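Input: a single structure, listed below in structure tokens.
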Amino acid sequence: MFLEHGTRRLHITGVTARPIREWAVQQARNLAADLGMRRESVRFLLRERDGRYGAAFDTVFEAGELEVILSAPRVPRMNAHGVNALIRLHFPA
């Protein structure tokens, strides 16, 4: 799931009981394709430090010139709008 932080719009790209790194990368590709032209208006991506994401996941977004920001370790309030495996996208207001 991906949440647009400013609008609270939710993008559900896929669901699985056991997400692995390759699955997460494919979900990132799916979102990038779904955003299309709107992808240019995305400024950054805030993600958890979970190992299932990795460099390949970040590369999908960095290719679109997004800054990938990792949440601080052991700071649950930093991800107050999210749940496990939730990624936030920030569109400028």
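Keep in mind that this is a model prediction, so the values were computed, not measured.
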Problem set entry | Atom of Ala56, atom of Val25 and distance for their closest heavy-atom approach | CB-CG2, 3.7 Å

Exercise. Looking at side-chain heavy atoms only, is the closest gap between His11 and Asn30 below 4.5 Å?
Worked result: no

Problem set entry | Whether Gln27 side chain and Gly14 backbone form a donor-acceptor pair below 3.5 Å | yes

Exercise. Considering only heavy atoms from C-beta outward, does the side chain of Tyr53 approach that of Leu70 to under 4.5 Å?
Worked result: no

Exercise. How many angstroms lie between atom OG1 of Thr13 and atom CZ of Arg29, to the nearest 0.5 angstrom?
Worked result: 12.5 Å

Problem set entry | Heavy-atom side-chain proximity of Glu67 to Leu45 below 4.5 angstrom | no

For this session: Measure the spacing between CG of Asp58 and CG of Leu66 and express it to the nearest 0.5 Å.
Result: 10.5 Å

Side-chain atoms of residues 17-24: list all donor-acceptor pairs with protein atoms under 3.5 Å, sequence neighbours left out, distances to 0.1 Å.
residue: Arg21; atom: NE; partner: Gly51; partner atom: O; Å: 3.2
residue: Arg21; atom: NH2; partner: Gly51; partner atom: O; Å: 2.6

Exercise. Side chain to side chain donor-acceptor pair (under 3.5 Å) with Asp34: which residues, sequence neighbours excluded?
Worked result: none

Exercise. Would you find a donor on one side and an acceptor on the other, under 3.5 Å apart, between the side chain of Arg49 and the backbone of Ser71?
Worked result: yes

Exercise. To the nearest 0.5 Å, what is the distance between CZ (Phe2) and CD1 (Ile12)?
Worked result: 11.5 Å

Exercise. Are Phe61 and Leu31 close enough that some pair of their side-chain heavy atoms sits under 4.5 Å apart?
Worked result: yes

Exercise. Between Ile69 and Phe44, is any pair of side-chain heavy atoms under 4.5 Å apart?
Worked result: yes

